[in-house]
Protein chains: 2
Amino acid sequence: MPNKDGAGPRWMHGKFKCCGYRMTKPREAILDVLGNTQEHLSAEDIYLAVHKFYPNIGLTTVYRNLEMLVNMGMVVKFDFGEGRSKYELSDNYSGKGHHHHLVCKKCYKVIDYSDFMKDEVKFLKNTEDGLSKKYEFNITDHLIQFFGICKKCSTK
Amino acid sequence: MPNKDGAGPRWMHGKFKCCGYRMTKPREAILDVLGNTQEHLSAEDIYLAVHKFYPNIGLTTVYRNLEMLVNMGMVVKFDFGEGRSKYELSDNYSGKGHHHHLVCKKCYKVIDYSDFMKDEVKFLKNTEDGLSKKYEFNITDHLIQFFGICKKCSTK
DNA sequence: AATGTTAATGACAACCATTATCATTAAATA
DNA sequence: TATTTAATGATAATGGTTGTCATTAACATT
Ligand SMILES: [Mn+2]
Ligand SMILES: [Mn+2]
Ligand SMILES: [Zn+2]
Ligand SMILES: [Zn+2]
């Protein structure tokens with residue numbers, strides 16, 4: 001899974017440089033893992049995936065990098081009620097584009113959907129504008145999740 | 001804060017009885033606390049509030065009751081990214097009615113809003129219907145939160 | 001009112017995801 | 001290559017939450 005040339009995803013090297021950050025092997029490996037999955041991974045998931053190729057990278061380093069990447073806006077951290085956080089590349093870096101989530105309360109399967117983004121975006125824009133004014137809040141983010149029971153979980 | 005007659009909120013006594021549950025003093029006290037605040041309380045907040053009147057009720061009991069009340073649908077558990085869960089009476093029992101949340105990412109102040117519920121409800125209904133069909137999900141809940149910086153936090 | 005059944009409690013230990021510490025390593029730059 | 005210091009890895013610590021288990025107390029029955 002690591003890029004053979006050891007160069008890693010080049011598209012973000014500049015991002016790090018200009019902030020005084022360095023492009024390290026662990027950081028690269030973590031971004032590789034996140035860039036090569038469609039799933040939402042826990043810190044441990046990422047640690048295990050990275051571990052196969054770089055067995056000496058520690059879990060602490062994974063946590064540290066995730067925190068940093070979240071602060072940089074390259075990664076988004078989610079809580080789906082599972083007891084541990086899940087991470088995915090943010091919209092701009094993932095190819096998935098802006099989407100929201102459908103979460104099964106039994107098996108914690110997560111579906112990315114962007115089916116109703118037209119309406120949602122319009123609706124959210126309206127709501128944000130209204131709330132910002134009324135409550136003097138500078139709104140930067142939103143979290144939209146639907147919870148329920150997936151097909152598999154409902155048939156047993 | 002405890003009801004003087006020792007009877008507690010009567011409106012839910014039946015709820016417990018019919019499920020084989022019992023109305024205990026700790027349970028009553030916890031519901032009293034939740035019923036007498038407009039805020040979103042952590043387990044420890046509730047424990048401390050209850051502690052003033054019943055110093056021998058333990059934190060474990062608070063957790064156990066909250067879990068039970070959440071399962072019964074009388075209480076809702078939220079994660080605002082603060083590292084601990086917050087609880088409030090659910091729509092049917094709180095008098096607040098259905099509402100969503102505006103959360104300050106710095107001080108974790110939470111505002112309940114229901115200003116745009118007309119539009120939101122319509123929009124959510126649509127989305128839920130569409131998602132349910134397309135992804136064969138039995139949707140039961142949604143979580144809508146806006147994040148940002150509150151006025152106080154932005155002026156310092 | 002006294003009894004029996006068992007849900008619920010309280011004290012405490014254990015769990016487990018996440019953070020803090022700190023000596024060591026290795027990017028980046030010259 | 002030498003210098004600087006961001007980043008790492010091993011480990012301990014933190015803190016919210018859950019598990020254990022002997023004891024208590026709701027509540028239905030007598
Ligand atoms: Mn996603
Ligand atoms: Mn609320
Ligand atoms: Zn499921
Ligand atoms: Zn604030």
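First the proteins, then the strands, lettered A, B, ... as listed; each starts at 1. Source: prediction; values computed, not measured.
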| said: Do the side chains of A:K105 and B:D141 get close enough for a salt bridge, i.e. N-O under 4.0 angstrom? | reply: yes
| note | From NZ of B:K86 across to C1' of D:dG16 the rounded distance in Å is 13 Å
| task | Ignoring the backbone of A:Y21, work out which of C:dT19, D:dA6, D:dG16 is nearest its side chain. | result | D:dA6
| Starting at CZ of A:R84 and ending at P of D:dT17, how long is that distance when rounded to a whole Å? | 17 Å
| message | Taking any heavy-atom pair under 4.0 Å as a contact, classify A:R64: base, sugar-phosphate, or nothing. | response | base
| request: Measure from the side chain of B:N65, starting at C-beta and using heavy atoms only, and say which of C:dT9, C:dA8, D:dA7 lies closest. | output: C:dT9
| query | To the nearest Å, how far apart are B:K25 NZ and C:dG10 P? | reply | 10 Å
| Distance below 4.0 Å between A:Y63 side-chain N/O and C:dT19 OP1 or OP2 | no
| query | Between atom CD1 in B:I46 and atom C1' in D:dG16, what is the gap in whole Å? | reply | 14 Å
| request: Please report, rounded to the nearest Å, how far the C1' atom of C:dA28 is from the NZ atom of A:K15. | output: 20 Å
| remark: Smallest heavy-atom separation, B:K86 atom then B:S42 atom, equals CD-N, 3.6 Å
| request: For B:T24, answer base if it contacts any base atom (sugar-phosphate contacts may also be present), sugar-phosphate if it contacts only those atoms, and nothing otherwise; contact means non-hydrogen atoms under 4.0 Å. | output: sugar-phosphate
| request: Find the distance A:N56:CG to D:dA10:P and express it as a whole number of Å. | output: 7 Å
| remark: Nearest-nucleotide check on DNA chain C, B:T60 vs B:R27; residue mapping nearer the 5' end is B:R27
| Any side-chain donor paired with an acceptor under 3.5 Å for A:Q145 and B:H142? | no
| field | Interatomic distance where CG belongs to A:L59 and P belongs to C:dT19 [whole Å] | value | 11 Å
| request: Can you check whether any acceptor in the base of D:dT5 is under 3.5 Å from a donor in the side chain of A:R22, or vice versa? | output: yes
| note | When rounded to whole Å, the CG to P distance for the pair A:L66 and D:dT8 reads 11 Å
| said: Quick check for you: among C:dA17, D:dC27, C:dA28, whose closest atom lies nearest to any side-chain atom of B:K17? | reply: D:dC27
| field | salt_bridge(A:D129, A:K125) N-O dist < 4.0 Å | value | yes
| For A:S85, which contact category applies under a 4.0 Å heavy-atom criterion: base, sugar-phosphate, or nothing? | sugar-phosphate
| field | Cation-pi check, B:R27 onto B:F16 ring (under 6.0 Å, within 45° of axis) | value | yes
